[in-house]
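To start, the structure under review is shown below, and the notes come after it.
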Amino acid sequence: QAPMQQAAVPKATLRGGAKKPAKTVSLNQQPAPQSVGQVAREVSYAPPPTNSATMFAWPVRGAVVAPYGAGDLGGWNDGINIAAPAGTPVRAAADGQVVYRGNGLDGFGNTLLIRHSNGYVTAYAHNDSMLVKKGAHVRKGQIIAKVGESGDVSSPQLHFEIRKDVQALNPVTLLGK
């Protein structure tokens, strides 16, 4: 039997800027994920990319209503929120495999996580419907979900993150034109 491995799950920033305390989880067990970072930690291990600038495409077109980084109310956004009409197709930003499909991540509603080459993971949250199953291989541009307002949002939008291993990156710097 493999030795027990543990990892610290980072503090999560909740609506209004409050912090949820860090905790330790066992990587040998399959507890319900608590954050996008936790899932990314468990699925992304690979060498750095050779050309990340063109690897990703926009998952949906619309206005960025919540940018990456510090927010007006002191909270932190690990991705971007893109406004779009409910039902707008959400497309995979790059080729990869669906490693999470569910609504168990606090505040994110219906969420998909896709593991890509070179240790990247993309997150697509607040979906109305999810059109791919966990384990499915998807292609860049493939419709994977429909925009909704599930989770802690009050208007239709897509929350989109790009992570390199567990580190959240500003998606705008990695998305094509």
Working to the nearest 0.5 Å, report the span between [atom1] of [X] and [atom2] of [Y].
| X | Y | atom1 | atom2 | value |
| --- | --- | --- | --- | --- |
| F56 | F160 | CZ | CZ | 7.0 Å |
| R139 | I144 | CZ | CD1 | 14.0 Å |
| D78 | Q167 | CG | CD | 8.5 Å |
| H137 | Q142 | NE2 | CD | 11.5 Å |
| W58 | I80 | CH2 | CD1 | 4.0 Å |

Honestly curious: do [X] and [Y] fall in one hydrophobic cluster under the side-chain, below-4.5 Å linking rule?
| X | Y | result |
| --- | --- | --- |
| V65 | I162 | no |
| L158 | L131 | no |
| V132 | I143 | no |
| V172 | L169 | yes |

Exercise for the section: For the residue pair T122 and Y120, confirm or rule out a side-chain donor-acceptor distance under 3.5 Å. Expected result: no

Practice task
Verify the distance criterion only: is there a donor paired with an acceptor across the side chains of H159 and E161 at less than 3.5 Å?
Solution key: yes

Is there side-chain contact between [X] and [Y], with at least one heavy-atom pair below 4.5 Å?
| X | Y | answer |
| --- | --- | --- |
| Y100 | L105 | yes |
| V98 | M130 | no |
| I114 | Y124 | yes |

For residues [X] and [Y], report the shortest heavy-atom separation together with the two atoms involved.
| X | Y | answer |
| --- | --- | --- |
| A84 | V60 | CB-CG2, 4.0 Å |
| A123 | L113 | CB-CD2, 3.2 Å |
| L112 | A145 | CD1-CB, 4.1 Å |
| A86 | P156 | N-CB, 3.6 Å |
| V99 | K134 | O-CE, 3.3 Å |

Quick one: does any side-chain atom of [X] pair with a main-chain N or O of [Y] as donor and acceptor, under 3.5 Å?
| X | Y | value |
| --- | --- | --- |
| T111 | G109 | yes |
| Q97 | A136 | no |
| N127 | N110 | yes |
| K133 | R101 | no |
| H126 | S150 | yes |

